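Keep in mind that what you see is a predicted model, and the values were worked out from it rather than measured. Values reported hereafter were calculated over all heavy atoms of this structure, with side chains retained and with hydrogens, waters and symmetry mates removed.
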Amino acid sequence: RDMEQSSVFVQHSVTLDGGLTEGSPVSIMESMSAGLPVVASRSGGIVDLVLHKETGFLVNEFEIDEMANYMIQLIEDKSLAKKMGISGRKRIENELSREKHLGIIEHSIVNVFAKQNL
């Protein structure tokens, strides 16, 4: 319900001592699925999910002012926010959905069995 009332999803992750980084955050995938543009830091797997200036905005770690500016831009420019949100939802549906991944696995299995039967 909170996502339905939101304009943008924001996540600022940083690399920890020892090099530990964010994986592929489910919260970002859920937000994109809900049609929200994302403003996030370039940390770990986030860069594999959010396409800068297409599905949202990415900032370097600790670039708080730049992040705030992108948040303001999306709040003020509703059409840009909507466009990015739609792009994010399409990205999840077309490239990152469970169905897409299951299809890739199924295709790989079929190919393995086809090669064994030659």
Side-chain angles (χ1 to χ4, degrees):
R1 181 164 172 97
D2 289 333
M3 279 192 199
E4 294 171 2
Q5 299 173 355
S6 299
S7 302
V8 60
F9 181 80
V10 179
Q11 181 166 328
H12 195 98
S13 299
V14 297
T15 303
L16 300 177
D17 291 339
L20 185 62
T21 63
E22 188 75 60
S24 294
V26 173
S27 57
I28 288 180
M29 290 186 272
E30 289 173 342
S31 299
M32 291 171 69
S33 291
L36 292 177
V38 176
V39 178
S41 54
R42 288 183 180 95
S43 180
I46 293 172
V47 298
D48 297 324
L49 297 174
V50 179
L51 302 177
H52 185 63
K53 295 185 178 181
E54 185 177 328
T55 64
F57 294 110
L58 293 169
V59 302
N60 292 329
E61 294 179 9
F62 302 105
E63 290 291 334
I64 305 303
D65 290 340
E66 185 179 13
M67 182 172 250
N69 289 334
Y70 282 136
M71 291 164 60
I72 292 167
Q73 181 179 351
L74 288 170
I75 290 169
E76 291 178 346
D77 190 342
K78 303 276 188 227
S79 65
L80 176 62
K82 184 172 183 167
K83 178 182 172 187
M84 287 182 162
I86 291 169
S87 293
R89 183 173 42 242
K90 287 180 181 177
R91 177 163 166 69
I92 293 293
E93 291 171 356
N94 296 333
E95 299 176 36
L96 302 169
S97 70
R98 177 176 44 172
E99 291 78 15
K100 175 76 173 183
H101 287 283
L102 289 175
I104 291 168
I105 292 169
E106 180 181 357
H107 180 75
S108 297
I109 291 170
V110 168
N111 284 338
V112 167
F113 283 113
K115 288 178 184 177
Q116 288 179 352
N117 289 331
L118 288 178

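- Rounded to the nearest 0.5 angstrom, Leu58 CG and Ser41 OG are separated by 8.0 Å.
- With rounding to the nearest 0.5 Å, the separation of CG in Leu51 from CD in Glu95 is 7.5 Å.
- Residues Val39 and Val26 do not share a hydrophobic cluster, clusters being chains of Ile/Leu/Val/Met/Phe/Trp/Tyr side chains in contact below 4.5 Å.
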For residues 69-76, which side-chain N or O atoms pair as donor and acceptor with protein atoms under 3.5 Å away, sequence neighbours left out?
| unit_1 | atom_1 | unit_2 | atom_2 | d |
| --- | --- | --- | --- | --- |
| Asn69 | ND2 | Asp65 | O | 3.3 |

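- In plain terms, the two heavy atoms of Ser27 and Gln11 that are nearest each other are OG-OE1, 2.9 Å.
- For the atom pair CD (Glu63) and CZ (Arg42), the distance works out to 9.5 Å, reported to the nearest 0.5 Å.
- Residues Met32 and Phe9 fall within the same hydrophobic cluster, defined by Ile, Leu, Val, Met, Phe, Trp and Tyr side chains chained together at heavy-atom separations under 4.5 Å.
- His12 places a side-chain N or O within 3.5 Å of a backbone atom of Phe62 that can act as its donor or acceptor partner.
- Rounding to the nearest 0.5 Å places CD1 of Ile92 at 6.5 Å from CG of Leu49.
- Linking ILVMFWY residues whenever their side-chain heavy atoms come closer than 4.5 Å, directly or via other members, leaves Val14 and Val59 in distinct clusters.
- Between Ile28 and Ile46, some side-chain heavy-atom pair lies under the 4.5 Å cut-off.
- Separation of atoms CZ (Arg91) and CE (Met84) is listed at 13.5 Å; rounding is to 0.5 Å.
- Atom CE of residue Met67 and atom CZ of residue Phe57 lie 11.5 Å apart, to the nearest 0.5 angstrom.
- Closest heavy-atom contact between Ser13 and Ser43: O-CB, 3.5 Å.
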